[in-house]
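Quick caveat: nothing in here was measured; it's all calculated off a predicted structure. The first residue of the sequence shown is numbered 1, and numbering continues consecutively from there.
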Amino acid sequence: MRRREKTTSRATQSMPLLILLFIGFLLPEPSLSIRFRERISEVRPRESAPYQALNTAVFALGSFWRSEAVFGCLNGVVRTSVGYSGGSKTNPEYRSLGDHAECVQIEYDPGVISYRQLLEVFWFSHDSRQVFGQGPDVGSQYRSIIFTNGTDESRLAAISKEREQTRSKSSIVTTQFQSLDTFYPAESEHQKFELKRHPFLLQLIGNLPEEELELSSLASKLNSYAAELCPPRIQRHIDAKINDILRKGWPVLRDI
């Protein structure tokens with residue numbers, strides 16, 4: 001049986017007070033948040049550039065419920081989704097993964113955020129020295145992997161791993177590199193998991209059908225917000241937006 005332990009450490013002031021008064025009885029027990037180091041607490045937009053097609057990055061860094069929330073609120077990240085990759089089993093499922101790992105797929109605008117910046121967030125958001133697990137989640141499905149798609153990504157990943165290893169030589173970075181083969185999307189109940197733990201936030205964006213929710217950029221950001229993983233400035237900005245909606249009579253939240 002797979003282990004998903006939660007710990008209670010979230011401070012209630014991080015969500016707007018009015019939300020807690022209206023829907024406190026709907027909220028599930030909070031869980032421990034991953035925190036970025038100060039220097040990457042917020043990705044600043046780069047200078048404006050002509051439109052570029054979106055790029056895709058895939059990482060495995062423990063439970064994909066939390067991993068998806070790590071990236072969704074970053075400037076330049078358009079959408080996120082969770083799934084399985086890294087193994088040989090065809091069409092893996094949550095209860096039948098085979099040798100796959102739980103992964104997060106990130107679609108991003110390279111004109112706003114670079115692959116190198118995503119790698120920084122990857123390293124700072126999990127323990128790359130823990131073998132086959134993250135915290136209480138133990139098993140090969142939680143192993144640390146960077147999936148690369150081309151020579152340039154492989155080079156940047158190798159450089160970043162060397163840099164990470166120099167931070168401490170007392171233990172070995174266990175992160176693997178794999179060429180991205182097939183990314184199998186996970187079942188719908190695992191997509192935007194942190195957001196779905198907060199029914200009021202789903203209501204605020206209009207209770208989108210599952211297909212729309214999985215593709216929604218707004219849902220990706222709110223998934224991070226629900227997990228308290230947005231950079232502090234953005235977290236406060238969303239708080240203000242929600243409070244404003246409550247004051248004006250509960251219109252649908254269209255953007256952040």
query: What distance do Ser67 atom OG and Phe193 atom CZ have between them, rounded to the nearest 0.5 Å?
result: 12.5 Å

- prompt: Between the side chains of Thr80 and Ser220, is a donor N or O closer than 3.5 angstrom to an acceptor N or O?
  reply: yes

- line: Of Gln105, His190, Lys192, the one forming a side chain to side chain donor-acceptor pair (under 3.5 Å) with Glu68 is Lys192

- prompt: Quick one: OG1 on Thr182 to NZ on Lys89, what's the gap to the nearest 0.5 Å?
  reply: 14.0 Å

- line: To the nearest 0.5 Å, atom OG of Ser128 lies from atom CD of Gln176 at 12.0 Å

query: If you group Ile, Leu, Val, Met, Phe, Trp and Tyr by side-chain heavy-atom gaps below 4.5 Å, do Leu222 and Ile245 land in one group?
result: yes

Side chains of Ser63 and Asp137, donor plus acceptor under 3.5 Å: no

message: Between Glu164 and Arg167, does any side-chain N to carboxylate O distance fall below 4.0 Å?
response: yes

message: Please give me the minimum heavy-atom distance between Gln134 and Leu61, naming the atom from each residue.
response: CG-O, 3.8 Å

- request: Go through Phe200 and Ile242 one step at a time and tell me if the side chain to side chain contact (heavy atoms under 4.5 Å, CB included) criterion holds.
  value: CA-CA 11 Å; Phe200 176 69; Ile242 292 174; 4.2 Å; yes

- prompt: Does the pair Glu189 and Lys196 meet the rule for a salt bridge (charged side-chain N to carboxylate O under 4.0 Å, His left out), with working shown?
  reply: CA-CA 9 Å; Glu189 61 264 31; Lys196 289 174 179 175; over 6 Å; no

task: Would you check if there is a donor-acceptor pair between the side chains of Thr148 and Ser154 at a distance under 3.5 Å?
output: yes

field: Separation between CG of Asn75 and OH of Tyr108, rounded to the nearest 0.5 Å
entry: 15.0 Å

Hydrophobic cluster identity match, Val82 and Leu180, side-chain contacts under 4.5 Å: no

message: A side-chain contact here means heavy atoms from C-beta on lying under 4.5 Å apart; do Leu201 and Ile205 qualify?
response: no

message: Tell me if the aromatic rings of Tyr84 and Tyr184 count as close, with their centers under 6.0 Å from one another.
response: no

task: Mind listing the closest non-hydrogen atom pair of Thr175 and Ser144 along with its distance?
output: OG1-OG, 2.7 Å

message: With clusters defined by side-chain heavy atoms of hydrophobic residues (ILVMFWY) lying less than 4.5 Å apart, directly or transitively, does Val77 cluster with Leu215?
response: no

message: Between Tyr225 and Asp239, do the side chains contain a donor N or O and an acceptor N or O under 3.5 Å apart?
response: yes

statement: Correct closest heavy-atom pair for Gln165 and Ser171 would be NE2-O, 2.8 Å

task: Mind telling me whether Tyr94 and Trp65 have parallel, tilted or perpendicular rings, with 30° and 60° as the class edges?
output: parallel

- line: Taken to the nearest 0.5 Å, the spacing of Ile145 CD1 from Ser85 OG works out to 7.5 Å

message: Using every non-hydrogen atom in the two residues, find where Ser125 and Val121 come nearest and quote the distance to one decimal.
response: OG-O, 2.6 Å

- prompt: Does Asp244 pair with Arg247 as a salt bridge, N-O distance under 4.0 Å?
  reply: yes

field: hydrophobic_cluster_shared for Phe183 and Phe59, side chain cutoff 4.5 Å
entry: no

message: Nearest 0.5 angstrom please: Gln117 CD to Ser114 OG, how far?
response: 3.5 Å

- prompt: So, do Ser81 and Pro185 sit near enough that their side-chain heavy atoms are less than 4.5 Å apart?
  reply: no

- prompt: Tell me, do Gln141 and His100 make a side-chain contact under 4.5 Å, heavy atoms counted?
  reply: no

- prompt: Can you find a heavy atom in the side chain of Leu213 that is under 4.5 Å from one in the side chain of Gln191?
  reply: no

message: With a 4.5 Å cut-off on side-chain heavy-atom distances among I, L, V, M, F, W and Y, is there a chain of contacts connecting Phe64 to Val58?
response: no

- prompt: Can you list the steps and then say if Leu195 with Leu202 is a side chain to side chain contact (heavy atoms under 4.5 Å, CB included)?
  reply: CA-CA 7 Å; Leu195 175 58; Leu202 290 172; 3.7 Å; yes

- request: Begin from the C-alpha positions of Leu118 and Phe71 and carry the test side chain to side chain contact (heavy atoms under 4.5 Å, CB included) through to its verdict.
  value: CA-CA 8 Å; Leu118 293 176; Phe71 294 94; 4.0 Å; yes

query: Aromatic rings His126 and Phe122: how do their planes relate, parallel, tilted or perpendicular, breaks at 30° and 60°?
result: tilted

query: Considering all heavy atoms of both residues, which atom of Ala69 and which atom of Ser224 are nearest to each other, and what is their separation?
result: O-OG, 2.5 Å

- request: Indicate yes or no: at least one non-hydrogen side-chain atom of Ile238 is less than 4.5 angstrom from one of Cys230.
  value: yes

task: Check whether any side-chain heavy atom of Gln203 lies under 4.5 Å from a side-chain heavy atom of His198, and answer yes or no.
output: no

query: Ile172 versus Arg129: any side-chain heavy-atom pair under 4.5 Å?
result: no

query: Do Leu229 and Asn223 come within less than 4.5 Å of each other through their side chains, counting heavy atoms only?
result: no

- prompt: Is a side-chain donor-acceptor pair under 3.5 Å present for Trp123 with Ser160?
  reply: yes

